[in-house]
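Working notes, structure below.
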Amino acid sequence: MTNAKSGPDARSDFEKTFDPAGAEQEIYDAWERAGAFRPSDAPGAEPFTIVIPPPNVTGSLHMGHALNNTLQDILARFERMRGKSVLWQPGCDHAGIATQMVVERQLMERQEPSRREMGREAFVRRVWEWKEESGGTITRQLRRLGASCDWSRERFTMDEGLSKAVARVFVQLYREGLIYRDKRLVNWDPKFQTAISDLEVENIETDGHFWHFRYPLADGATYEFPVEYDEDGKPTKWETRDYVSVATTRPETMLGDTGVAVHPDDDRYKDLVGRFVELPIVGRRIPIVADEHADPEQGSGAVKITPAHDFNDFEVGKRAGLPAINVMTDDARIALLDNGAFLDGLDPTPARRKVWEALDGKDRFEARKIVVAWFEENGLLDRVEEKKVVQPFGDRSGVVIEPYLTDQWYVDAKKLAEAAIAAVEQGKTRFVPENWTKTYYQWMHNIQPWCVSRQLWWGHQIPAWYGPDGHCFVAESEEEARRAAIARYTAEGYTLEEIDRMVRGEGEGPLLARDPDVLDTWFSSALWPFTTLGWPDAEREGHADHAVLKTRYPTSVLVTAFDIIFFWVARMMMMGLHFMKDVPFRDVYIHALVLDEQGRKMSKSKGNVIDPLALIDKYGADALRFTLAAQAAQGRNIRLAEARVEGYRNFATKLWNAARFCVMNECVAGPGFDPASATATLNKWIVHEANACVGEVSAAFETYRFNDAAGAIYRFTWNVFCDWYLELAKPALQGDDAAAKAETRQVAGWTLERILKLLHPFMPFVTEALWGKTARREGLLMLADWPLEFAELRAPEAAAEINWMIGLITAIRSLRAEMNIPAAARIPLEAASLDDAARARLAAHEGVVRRLARLSVVSLVDAPGQGAAQFVHDGAVFALPLAGVIDVAAEKARLEKEIAKAEEEIARVDKKLANRNFVERAPAAVVEEQKSRRADYAAQRDKLAAALDRLKAL
RNA sequence: GGGCGCAUAGCUCAGUGGAAGAGCGCCACCUUGACACGGUGGAGGCCGAUAGUUCGAUCCUAUCUGCGCCCA
């Protein structure tokens, strides 16, 4: 990285580039050592609190985390510098399925006993061991990003305190009737053999088939089915049928059919309602029922009903009183032979038994083939259609989800949603950008019961115990449950001895058996905004976190991506309102998704994942952070291109070198320096611009406009400070005027300090490094004061003057380039027809203009000399007298083009001004502006025309 | 089917009811004592289409076309 320089050098300890890899860790440690991540206890400091969206404990940092945590860190650092007492609360969730999966895989790889072999207690101990060893990956990675979380408060959803809170919540909701046990269809994941919630199912359209089966009518019945229609849709031809055709995308489920439904208005089947078909393979007599679920347009219009294996059919079955017969096992194999519910009422003829035996124990997809083959062989397969079908997949397991009839615990989400909807309607919580409120309402208004039980071992075990008679005791502890059980059974007439025997596990069995299931991970995540702050224990006065809980709930803002509005935001709203009687956060800032360059989601299978840590290694955390923030425009996804990261790394280097220049020139603001005291126009100008930038950046942060804030500080640093101020200041810094030099040093140092502060939330490492390198300073930049915008630092006249000069230099450079004047050549400049103000400006800045435009002399003339290249700047004519050097014809052409351009503008303005409606109805200021524009263009045109005349006179 | 969003320079994207912007890329020139991870200059756009509102539309409204995402 470093450029080799021979011999001692004043700059030897200030390398030409910042070395992020070498510096980041050290800087982060310095922050941590200084306790800079802990909330300030300054009296009167306003609390500012963010709870981190807890990453999955098995996870590692991906680009979504990088963006999410960069934005949180920016807010945290900004508010901290502004003097608020900032708590950024970190932690992980325990990720039930994912973690269990990781540990099981580990057991398998190491050829150790499986989960089931070692038993629940040993397995859970194993998971904890894994967590201690490998669970902290992502929090280490967040440190590399620069995240200023208060690690001393790190929490985990399986912590003792949080687990206690989960039990408390469960019990209270149960007692309030908001949690209940119910037997209904769930989304069953056959791979993990657990229920999952609707949200954990991904519906994906895949290529599938629609198999049309014939179900023979029972009792030898027949009917007339229309097969041809006239133009009006009236049937003209019928055929006699002794079967009903049904279509299915999942043939194996027919084994559990208990009915066939037709639409009540479907004339074709009117006479069949109330009759029966004989279910092939099975031999069950099942009724034909009328139900509006049957779609006359779809297939034949008749639909098989499998209440135990299809959500819609379950409802139809309930309406029609059809039984639900489960024909599958937990791992999605067909279960017939030992299946009492299936066998009930059937006649197991040898032919049937043979098919059942072939099917029994087969995987559902195997069974599907067997069923289809059977229908084909028996002439009952009408046809097979290729069809796009939407299939449900488990988001973790990737296997097809099976609707499955089981007992599960449910949260009455609909009831809890009421307060959560009202809170947003009343503006207690605000979504930014605002349009996400619609998504939130949409979900909340259509919310379904939330299945919270999972058939896993890793998680919060449900605090419910069952007595010998199956009675359920829900309690926060086993002791409490036992007391309740004893009370109940005593009242029922059991003797104490009998109960005692049961407690010891003798006699009929143990008194209480705990529900083996655990809760959905999101159940504990929903409590995160208050459990991490110490609830419920901290409600007690005198508890260490009592004040924390009281002052920091509701938290200030939640920063998250839209894809977990349903998973998490909505559920935190419900739980927070129910248990804390207030919303969990004031603002919800919803940020973008990070996509690849082509706008595709990053995924391992696509191989388009960009690893944030690799980018940090290559370009530094600052560059990655700035890239993400600069692109975090509201309501838009981020397409991440590495070139962009490289560009912002270059920006960091630019800043680094500007600071290096400042150090070399001893540019430091003294402790008592007052920027309002600057006298030089140049200095007043940069103070003015820096002050405006302070306002812009602060305002942008306050409204979560990260990209605007990034843009403002980027432009100011590079295009104002580096490109112009430092260049313009060089004569003063390297000249002999001691007073001017001193003031310029102070102002340059002061401005650099503004930049470091404004940039710090985006680029904490390089700015902190420079903070330490550019002046003797006490304390860390991270804890320095955020600058304020002051009206007295405004200097519009100075700004106008410097902008005039910048315009002049740019015009000269432009003309030089067009004239192909060698960059190194110093040439004279003539100025004609300057007014007094312009003359004064030119005189004041002649030195820098000569330097930056590479001029030899500047002279005032009445009229430009013969054969000069001429241009107009702010109403004055300037010329580069290059007789003999310039191509007269080309110069004429150039002037003509310029004139034409001016005239085009004049014509456009004239057209506007000629429109009476415009003059009468547009605001006066707008009309004035147009008039003044016209005057400017006209003056320019005239001057250019005169210049052209002079050239023609040659 | 319901909802949300996008279409602006070659690419990635800002932006505003009253003079089209950035980064990257491209072209030309420049190793000038902060910086070649740099400097200077430049080319490049009927702001998706149509209609409407307006004195005035890239911006507001409607329709259309194309493309995303979420939910059923």
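Please read all numbers here as calculations on a predicted model, not as lab measurements.
Comparing B:A34, B:C37, B:C55 by their nearest atom to the side chain of A:F661 picks out B:A34. Of the listed nucleotides (B:G18, B:G41, B:A14), B:G18 has the atom at the smallest distance from the side chain of A:V926. Residue A:R933 places its side chain closer to B:A19 than to any other of B:A19, B:C55, B:G41. Here the nucleotide nearest the side chain of A:E929, chosen from B:C55, B:A19, B:C35, is B:A19.
Mapping A:K912 and A:D708 onto RNA chain B by nearest heavy atom places A:D708 closer to the 5' end of the strand.
For A:K438, no side-chain nitrogen or oxygen approaches OP1 or OP2 of B:G3 to under 4.0 Å. Of the side-chain N and O atoms in A:N650, one or more sit less than 4.0 angstrom from OP1 or OP2 of B:G38. Phosphate proximity of B:G39 to A:W718: present, with a side-chain N or O under 4.0 Å from OP1 or OP2. Applying the 4.0 Å criterion to OP1 and OP2 of B:C71, one finds that A:T439 has every side-chain N and O outside that range. Phosphate proximity of B:A36 to A:K654: absent, as no side-chain N or O sits under 4.0 Å from OP1 or OP2.
When heavy atoms are screened at a 4.0 angstrom cut-off, A:Y937 is found touching base atoms of the nucleic acid.
Taking atom C1' on both nucleotides, B:G18 is separated from B:G25 by 33 Å, rounded to a whole Å. One P atom belongs to B:G23, the other to B:G39, and the distance between them is 10 Å to the nearest Å. Of the P atoms belonging to B:A20 and B:A43, the separation is 16 Å, rounded to the nearest Å. For the C1' atoms, the distance linking B:C59 with B:C69 amounts to 24 Å, nearest Å. To the nearest whole angstrom, the two C1' atoms, one in B:U58 and one in B:U16, are 9 Å apart. For the P atoms, the distance linking B:G52 with B:C13 amounts to 33 Å, nearest Å. Straight-line distance between the P atoms of B:G33 and B:G42: roughly 24 Å, to the nearest whole Å.
One N or O donor and one acceptor, one from the side chain of A:K730 and one from the base of B:A34, sit under 3.5 Å apart. Remark: the A:R649 side chain and the B:C37 base include a donor-acceptor N/O pair separated by less than 3.5 Å. For B:A22, the base has no donor-acceptor partner in the side chain of A:Q631 [N/O atoms by modelled type, under 3.5 angstrom].
Judged by Watson-Crick or G-U wobble contacts below 3.5 Å, the nucleotide B:A49 has B:U63 as its partner. As the counterpart of B:A9, no nucleotide is assigned, since no Watson-Crick or G-U wobble pattern has both distances under 3.5 Å. Figure legend. B:A14 is base-paired to no nucleotide; pairs are counted as Watson-Crick or G-U wobble with both atom distances under 3.5 Å. When both pairing distances are held under 3.5 Å, B:C69 makes a Watson-Crick or G-U pair with B:G3. Base pairing of B:U40 is made with B:A28, judged by Watson-Crick or G-U wobble geometry with both donor-acceptor distances under 3.5 Å. Base pairing annotation: B:U54 forms no Watson-Crick or G-U wobble pair, as no partner gives both donor-acceptor distances under 3.5 Å. Pairing partner, B:A34: none, since no Watson-Crick or wobble contact has both distances short of 3.5 Å.
Classification of A:R908 and A:E905 as a salt-bridged pair holds, one side-chain N sitting under 4.0 Å from a carboxylate O. Ion pair A:R250/A:E402 flagged as a salt bridge, since at least one NZ, NE, NH1 or NH2 atom sits closer than 4.0 Å to an Asp/Glu carboxylate oxygen.
Cation-pi geometry between A:K730 and A:F661 is met: under 6.0 angstrom from the ring centre, within 45 degrees of the axis.
Considering CZ of A:F701 and CZ of A:F706, their distance stands at 7.5 Å, rounded to 0.5 Å.
Under the 3.5 Å distance criterion, with hydrogens and angles disregarded, a donor-acceptor pair is assigned to the side chains of A:R644 and A:Y648. Checking A:Y441 against A:E425 by side-chain atom types alone, no donor-acceptor pair falls below 3.5 Å.
A:M63 is listed as a side-chain neighbour of A:L615, based on a closest heavy-atom distance under 4.5 Å.
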